[in-house]
Amino acid sequence: MPSRVLAVALGERSGAASLVQKLARESQLEADIVLCNTERLPAGAWAQATMAGRLDESQLVDLLADACAHTAYRAIVVDDGKAGREAGARLALRCGLPAVSEGVALRFAVGELQVTRIADGGSRTAIMVSLAPSTVVVASDSVGDSAAGPGKARETTRLAPSPRQPLFELIRESQLGPAEIDLLEADVVVAGGRGMGGPAGFAMLEELAQALGGTVGASRVAVDAGWAPYARQVGLTGKTVSPRLYIACGISGAPHHVLGMRDSSLIVAINSDAQAPIFKIAHVSVVGDVHTIVPDLIASLRNGAPSAAPALAAAR
Amino acid sequence: MNIAVLLHATHDAELARGVTHSSYRLDDASIAAIVLALSARRAEAGSTVTGIAAGPPEWDAAVRHALSLGLDSVTRAWGDGSRQGDMLGQAGALTAALPHACDLIVAGASAAGDESELLPFALAEHLGWPAIEGAAGIGIEDGRAVMQVRANGGKRRTYLLRRHSVLLAANSGVAPYPTVARQVAARRAAVPLLPAPSTCAPAVTLQGYGPARPVTRHLLQPSSSANAAGRLRQLMSGGTSQASSSRTIAGSRLAPQLAELLKKEGFVQ
């Protein structure tokens, strides 16, 4: 049986790298990694790291198929996402390997690879056993990324970028306005609560959302007051969102609101009350008047963000 | 244009208690795919839409439901050696079930379980076709068939519709309501079964099930190091604090600092 495992990290936060590191530690295997769209090596000890730069799906599959042809891997674990699913499926078909998706845990037991995967929409997990010498696993996006800190690689290879050929002919690209973007599909949500004071405050949030290419959300209080439509309500009685960026403006952080946005990747809270519960879950806390900060922020974003105070340089 | 829609059924315990005698229904991703395929048929006169599924006989009711939503025909591929989750085998079976001279395959963007979220890409690889995710609509512009695709940052991209490609539909759109006449006709229609070729022994087997993964494990679980007031505050805010990764922006020039942070995180172009 091969004694190596391969992680394919498709961004800074890689669940695949975290799964492979754990598997390699527990089973005394050598772990290799292919890094796409990022230069940050995930935490852990890596035998070989390949910095692939920016690749499209077909280039990534070619690279992985080539790697599998030269090195026998017991498992190839790919990050979730469109690129990861496509690369995993195409690699499995091209190399004739079995594939398991939504993987949340890996372990070896009596020489077999056991993959725990999410099943039935998350209502339970399924334990899959692979008898094949090599298996492709697409990690679930619910797998957390590896621990903080730089990783170490014994050997690092940097690939030269190659031109990408678009597979589909682009006619045009347009930016939707904040009101046209669905809350559930938005990467950026700028949400307002009681602290916005009225519809004028929400007009300001729309401007901020426009500047960030996102959409506007609202707390129940703001919707009840008629400042935003119900379709924009985030929380237990509204929509549950998990955007890459959630900016909570003038929202205290009541439990029923927090439950609808706590899975957001980066939560920024702006509130004048330093004791507001929203600061307990926020990654970035800004204590100040939202009516001053938001217009200044819009102006900063439109004029190009000027150099910030050194104190922030180490943030995140 | 000959369009194939990939259909996938999901188990629904509630249905088993009903009068349909089936506990499987079309999943939401398949419904989104049907809506997109029907918009493609409207855009180009003379097009046909065929539903294809690789699933057991229990899927028949779900496949018939797809027919009642407006598909022209449906086919189900299954054989004695077929097995859910065998992506390689299913890709082969679905390729055999494709309508003659198929121009376009439309699938759902994701589905629950059985590696069905990988299947559209496996089918694309089998056929040597490209795949694109987030397709939200198909129409005609200047006499050319085009498709709208959702992109990050609230963007919409319009691409020339490429024949011989796999489109993954964005989860949007409302399924057409099947008229009673259509439902009756679909219920009476035979679902052609295409025997799937038997594949080699499955390399991945299901060993058993475990409990759901506690994705919200910190919910209502306050920090053990906090005092009573702190624990109450944490409970009120929905769980433990994320102090390990939190930062406070203080002092003057708050907005420029925040703008710089958003730029650093890649949210400002």
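Convention: sequence-line order gives letters A, B, ...; per-chain numbering from 1. Here the structure is a predicted model, which is why all the values come from computation and not from measurement.
- Shown are B:L160, B:L161, B:I132; of these, the side-chain contact (heavy atoms from CB on, under 4.5 Å) with A:F168 is made only by B:I132.
- For chain A, the nearby part of B:A91 is the side chain; its heavy atoms alone come within less than 4.5 Å.
- Ranked by heavy-atom pairs under 4.5 Å with chain B, the first of A:V138, A:L184, A:L170, A:D182 is A:L170.
- A tilted orientation is assigned to the rings of A:Y246 and A:H257, their planes being inclined by 30° to 60°.
- Contacts between A:V61 and chain B at a heavy-atom distance below 4.5 Å are absent for every atom of the residue.
- Contact count versus chain A (heavy atoms, under 4.5 Å) is highest, among B:R157, B:R162, B:M147, for B:R157.
- Heavy-atom pairs under 4.5 Å with chain B peak, among A:E180, A:K82, A:R94, A:M128, at A:K82.
- Of the atoms belonging to B:V146, it is side-chain heavy atoms, and not backbone ones, that fall under 4.5 Å from chain A.
- Formation of a donor-acceptor pair under 3.5 Å by the A:T240 side chain with backbone atoms of A:G260 is not found in this model.
- The parts of A:L176 that come within reach of chain B are both its backbone and its side chain, each placing non-hydrogen atoms under 4.5 angstrom from that chain.
- Under the 6.0 Å distance and 45° angle rule, A:R90 does not count as a cation-pi partner of B:F121.
- Between chain B and the options A:D187, A:V287, A:L93, heavy-atom pairs under 4.5 Å are most frequent for A:L93.
- Using a 4.0 Å cut-off between charged side-chain N and carboxylate O, A:R117 and A:E102 make no salt bridge.
- A:R85 pairs in a salt bridge (charged side-chain N to carboxylate O under 4.0 Å, His left out) with only one of the listed residues (B:E133, B:E117, B:E125), which is B:E133.
- Interface remark: of the candidates A:T135, A:V115, A:V129, A:V129 forms the most heavy-atom pairs closer than 4.5 Å to chain B.
- Checked by atom type and distance alone, the side chain of A:T38 pairs as donor or acceptor with a backbone atom of A:R40 at under 3.5 Å.
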CA sep, side-chain torsions, deciding dist, call: A:Q114, A:R107, side-chain hydrogen bond (donor to acceptor under 3.5 Å, both in side chains): CA-CA 5 Å; A:Q114 279 190 3; A:R107 65 186 284 258; 3.0 Å; yes

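- Per-residue counts of heavy-atom pairs under 4.5 Å with chain B were compared for A:V100, A:I127, A:D296, A:T116; the largest is that of A:I127.
- Annotation: side chain of A:L208 is in contact with side chain of A:L212 (closest heavy-atom distance under 4.5 Å).
- Heavy-atom distances place the side chain of A:I270, and not its backbone, under 4.5 Å from chain B.
- Neither the backbone nor the side chain of B:A151 comes within less than 4.5 Å of any heavy atom in chain A.
- Only the side chain of A:V188 comes within contact range of chain B, judged by heavy atoms closer than 4.5 Å.
- Contact tally against chain B (heavy-atom pairs below 4.5 Å) for A:L245, A:T292, A:I293, A:I298: the top residue is A:L245.
- Under the 3.5 Å distance criterion, the side-chain polar atoms of A:T125 are matched with a main-chain donor or acceptor of B:P211.
- In this structure, chain A has a heavy atom under 4.5 Å from the side chain of B:L262, while its backbone stays farther away.
- A:V268 touches chain B through its side chain: at least one heavy atom from C-beta onward sits under 4.5 Å away, while N, CA, C and O do not.
- Between the A:N271 side chain and the A:I251 main chain, a donor and an acceptor come within less than 3.5 Å of each other.
- For chain B, no part of A:A186 is nearby; none of its heavy atoms comes within less than 4.5 Å.
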